[in-house]
Structures are given as structure tokens and as C-alpha cells.
Trainee: 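First the structure, then my questions, so here it is.
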Amino acid sequence: MEKYELPLVIFTVLSQMSVGMTLILTLRTLRGQLASKRLYWLVSGLVLAAASVAAVLHLAHPDRAYNALINLEHAWLSREILGATLYGAAVGVTFLAKGHKVPAVLASILGIALVAVQGMTYAAPAMVAIANGLTMLLFFITVWVLGCAAIPLLNLTPAVAALRQGIVVCLAVLIAAPIIWLSGGTIMQMTAHAWISSPLYLASLVCLAVAFVLSRHGERSAKALFILLFVGVFLSRLTFFGDTVSTIVNIGHLY
């Protein structure tokens, strides 16, 4: 599983799910639809904490993780670590403030910034198929889908319409991307074929499609729906990291 960068998959998926939960909690707080409970913010913080553990395990020397912050001026990775730290701190403050509007809004803003920075961090120039806005788009779709899917697990009213719309957008983007790549250069075409022939990619589409059908039942199938969507997004992220072809693949060989 090394080529699939499992720690990065866990980190990005869980951190983006946390941001999605935070955005929905903040929106409902501003609308006066959410009671002041620390539990909601605790769960969002714990999801981010689990993501952070995975991120640290990805480092060659976890005991020197602080060194990741020394190149903020030039490295998106350093900015990502800073963004995750600031977002986590904001969620912690919101937890202590029992979901007060001001820290909740701040947490949401920092969460959006974190995902935007992640979109830049993993749009590697060598991965020409995803070295563009697609990476950020997929990450924000994850925020949308998993945030909506997780909310009912907190015994809150499900956002069924928003969730179904998010699933449709996710499916559309995942299907359209390889088709578009087929009309691109050599590396893009190789990436398209790698994705289309990947069991992980195909399984992710199946999970998302089944979840869309199941979402018609709303709250009655909340747990099963969350599992399907989490697995679907997780598999698509494994495909993203493991089956996207880099320009280094043909170094020393003719195309």
C-alpha cells in the first residue's frame, strides 16, 4: 500500500470531513438552529486529531515534526501544517466557548483556508493530470459530501438535499476527469487508463452510486450512508494518490 500514500489519504480525508462538519455546525449556529453543546465541536476536533496522527506517521522523523514549519515562505507543505494547526486551535477554542458564533466562524474560515492550501500542496507539477484546479475541487467536494454525511451521526437533522447534490457532483467529477484526460498528452492518457482500470476507482463509483440511491431514505439509513460514502471517498483518494501517473515514470525511456 506504500504507493497509495495511506497516511496522506487518511489525513486529507479526515481533515476535510472535520472541516465539512465545522462548516455545517457554524451555519446552523448562525441560523439559531443549533444548541450550544460542546459535544459537536469535540467530535470535529477528534476527527482532526486522528487525521493529524496519520500526518505525523507519514514523516520520516515524527519527533522532528516541528521542522515542517521552517519553510513557510516557499513550501505549501509547511503552510498546510500551519493551516491544520491554526484550524485545530480554532476548533478547540470553539469547543471551550460552547459553540459561540465568533470562534465558530473563525474555525470555518481557517478550515476553508486549510483545504485550499491542501489543494495547492497535492497538485504536484509532476502529476500533470491533477496539477490544476481538479485537486482542490475534489478536496472541497469531500468537505461537502462527508460533512453532510457525518452530521446525522451527531443526532442532528440531516441535510439530505445538500448531500444528494454533493454525491451527484462527486460522481460527475470522478467520471469526467479520466474522460477529459484521454484527450490530453501522454501522461494524462496514462493516468486516465490507470484510473479506469483501477478496482479502487471502480469500487468508489459503485459505493457513491449506491449511497445516492440509499440517500432517498434520509435519516433512517444515516449510518449505512455514512459508511458507504466514507469508503467511496477513501477509495477514490487512494486512486488519486496511487494511480495518478507522474512525469518521472518514463525517465530514461522513450514515450
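If you're wondering where the values come from, they're calculated on a predicted model, not measured in any experiment.
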Trainee: Where do Arg79 and Val117 come nearest, in terms of heavy atoms and distance?
Mentor: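 Looking at all heavy atoms of both residues, the closest pair is C-CG1, 3.8 Å.
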
Trainee: Restricting to pairs with a member in residues 164-178, which pass side chain to side chain donor-acceptor pair (under 3.5 Å), not counting sequence neighbours?
Mentor: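 Applying side chain to side chain donor-acceptor pair (under 3.5 Å) to every pair that reaches into residues 164-178, excluding sequence neighbours, yields Arg164-Ser215.
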
Trainee: Run the side chain to side chain contact (heavy atoms under 4.5 Å, CB included) test on Leu48 and Val19 for me, step by step, so that the C-alpha distance in whole Å, both residues' side-chain angles and the decisive distance to 0.1 Å come before the verdict.
Mentor: CA-CA 8 Å; Leu48 179 66; Val19 172; over 6 Å; no

Trainee: For Trp144, enumerate each residue passing the side-chain hydrogen bond (donor to acceptor under 3.5 Å, both in side chains) test, keeping only those at least two apart in sequence or located in another chain.
Mentor: none

Trainee: What distance do Ile141 atom CD1 and Ile167 atom CD1 have between them, rounded to the nearest 0.5 Å?
Mentor: 12.0 Å

Trainee: Say you draw a straight line from OG1 of Thr239 to CG of Leu200; how long is it, rounded to the nearest 0.5 Å?
Mentor: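 Output value for this atom pair is 5.0 Å.
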
Trainee: How long is the gap from CG on Leu171 to OG on Ser236, to the nearest 0.5 Å?
Mentor: 10.0 Å

Trainee: Quick check for you: to the nearest 0.5 Å, what is the distance between Leu238 atom CG and Asp243 atom CG?
Mentor: 9.0 Å

Trainee: State plainly whether one hydrophobic cluster holds both Met136 and Ile112, where clusters connect Ile, Leu, Val, Met, Phe, Trp and Tyr through side-chain heavy atoms under 4.5 angstrom apart.
Mentor: yes

Trainee: Can you list the other members of the hydrophobic cluster that holds Ile196, where links are side-chain heavy atoms under 4.5 angstrom apart?
Mentor: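 Leu182, all in the cluster of Ile196.
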
Trainee: To check you understand the geometry: which heavy-atom pair defines the closest contact between Pro178 and Ala192, and what is its length?
Mentor: O-CB, 3.3 Å

Trainee: Give the minimum heavy-atom separation between Leu235 and Ser204, together with the two atoms involved.
Mentor: CB-CB, 3.8 Å

Trainee: If two hydrophobic side chains count as joined below 4.5 Å and joins carry through other members, does Ile175 share a cluster with Val233?
Mentor: yes

Trainee: Just jot down the side chain to side chain contact (heavy atoms under 4.5 Å, CB included) partners of Ala123, sequence neighbours excluded, or say none.
Mentor: Thr135

Trainee: Ala224: what forms a side chain to side chain contact (heavy atoms under 4.5 Å, CB included) with it, not counting sequence neighbours?
Mentor: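 Expected list: Leu214.
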
Trainee: Are any of the side-chain heavy atoms of Leu163 and Leu229 separated by less than 4.5 Å?
Mentor: yes

Trainee: Count I, L, V, M, F, W, Y as connected when their side-chain heavy atoms are under 4.5 Å apart, and connections chain through other members. Are Val102 and Leu27 then in the same cluster?
Mentor: no

Trainee: Is Leu30 isolated, or which residues cluster with it under the ILVMFWY side-chain rule of less than 4.5 Å, directly or via members?
Mentor: Val105, Ile109

Trainee: Can you pull the side chain to side chain donor-acceptor pair (under 3.5 Å) pairs that have at least one residue in residues 15-27, sequence neighbours excluded?
Mentor: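 Checked against side chain to side chain donor-acceptor pair (under 3.5 Å) - neighbours excluded - the pairs reaching residues 15-27 are Ser15-Gln118, Gln16-Gln118, Gln16-Arg237, Ser18-Ser44, Ser18-Tyr87, Thr22-Ser44, Thr22-Tyr87, Thr26-Ser108.
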
Trainee: Taking side chain as C-beta onward, heavy atoms only, is Ile151 less than 4.5 Å from Thr157?
Mentor: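 When only atoms from C-beta onward are counted, Thr157 and Ile151 do not touch, as no gap falls below 4.5 Å.
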
Trainee: Please report the shortest heavy-atom distance between Gly99 and Trp41, naming the atom on each side.
Mentor: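 Here Gly99 and Trp41 meet closest at CA-NE1, 3.3 Å.
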
Trainee: For the backbone of Leu96 and the side chain of Arg38, can you confirm whether one donor and one acceptor N or O come within less than 3.5 Å of each other?
Mentor: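 Yes: the side chain of Arg38 pairs with the backbone of Leu96.
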
Trainee: Apply ring-ring contact (aromatic ring centres under 6.0 Å, His included) to Trp195 and list each qualifying residue two or more places apart in sequence or on a separate chain.
Mentor: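 Applying ring-ring contact (aromatic ring centres under 6.0 Å, His included) to Trp195 gives Trp181, Tyr201.
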
Trainee: For Ile10, run the side-chain contact (heavy atoms from CB on, under 4.5 Å) check against Val13, Leu8, Leu6 and tell me which one passes.
Mentor: Leu6

Trainee: My understanding is that only residues two or more places apart in sequence, or in another chain, count here; which of them pass side chain to side chain contact (heavy atoms under 4.5 Å, CB included) with Val168?
Mentor: Phe212

Trainee: Taking Arg28 for the side chain and Leu25 for the main chain, is one N or O donor matched with an acceptor at less than 3.5 Å?
Mentor: no

Trainee: Which residues satisfy the side chain to side chain contact (heavy atoms under 4.5 Å, CB included) test with Met127, sequence neighbours excluded?
Mentor: Ala124, Ile130, Thr244, Ser246

Trainee: Indicate yes or no: at least one non-hydrogen side-chain atom of Leu134 is less than 4.5 angstrom from one of Val173.
Mentor: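 Result yes, sub-4.5 Å side-chain heavy-atom pair found.
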
Trainee: Spell out, yes or no, whether Leu39 and Leu23 are grouped together once hydrophobic residues are joined by side-chain heavy atoms under 4.5 Å, including indirect joins.
Mentor: yes

Trainee: Could you tell me which residues satisfy ring-ring contact (aromatic ring centres under 6.0 Å, His included) with Phe139, sequence neighbours excluded, listed by chain and number?
Mentor: Phe240

Trainee: Can you list every pair that meets ring-ring contact (aromatic ring centres under 6.0 Å, His included) and has a residue in residues 88-122, with sequence neighbours left out?
Mentor: Tyr122-Phe241

Trainee: May I ask you to test the Leu208-Leu228 pair for a side-chain heavy-atom distance under 4.5 Å?
Mentor: no

Trainee: Identify which one of Val143, Val91, Val43 satisfies the side-chain contact (heavy atoms from CB on, under 4.5 Å) criterion when paired with Met21.
Mentor: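 Output: one option passes, namely Val43.
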
Trainee: Same cluster or not: Met190 versus Ile180, using hydrophobic residues (I, L, V, M, F, W, Y) connected whenever any side-chain heavy atoms lie under 4.5 Å apart?
Mentor: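 No; tracing contacts between hydrophobic side chains, which count when under 4.5 Å, never links both residues.
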
Trainee: Can you find a heavy atom in the side chain of Lys37 that is under 4.5 Å from one in the side chain of Lys98?
Mentor: no

Trainee: I would like to know whether Cys148 and Ile24 meet side chain to side chain contact (heavy atoms under 4.5 Å, CB included); could you show each step before the answer?
Mentor: CA-CA 8 Å; Cys148 290; Ile24 295 175; 3.9 Å; yes

Trainee: Looking at side-chain heavy atoms only, is the closest gap between Leu156 and Leu34 below 4.5 Å?
Mentor: yes

Trainee: First locate atom OG1 of Thr12, then atom CE of Met17, and finally report the distance between them rounded to the nearest 0.5 Å.
Mentor: 12.0 Å

Trainee: Can you tell me how far the OH atom of Tyr40 sits from the OG1 atom of Thr94, to the nearest 0.5 Å?
Mentor: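 Taking OH in Tyr40 and OG1 in Thr94, the distance rounds to 15.0 Å.
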
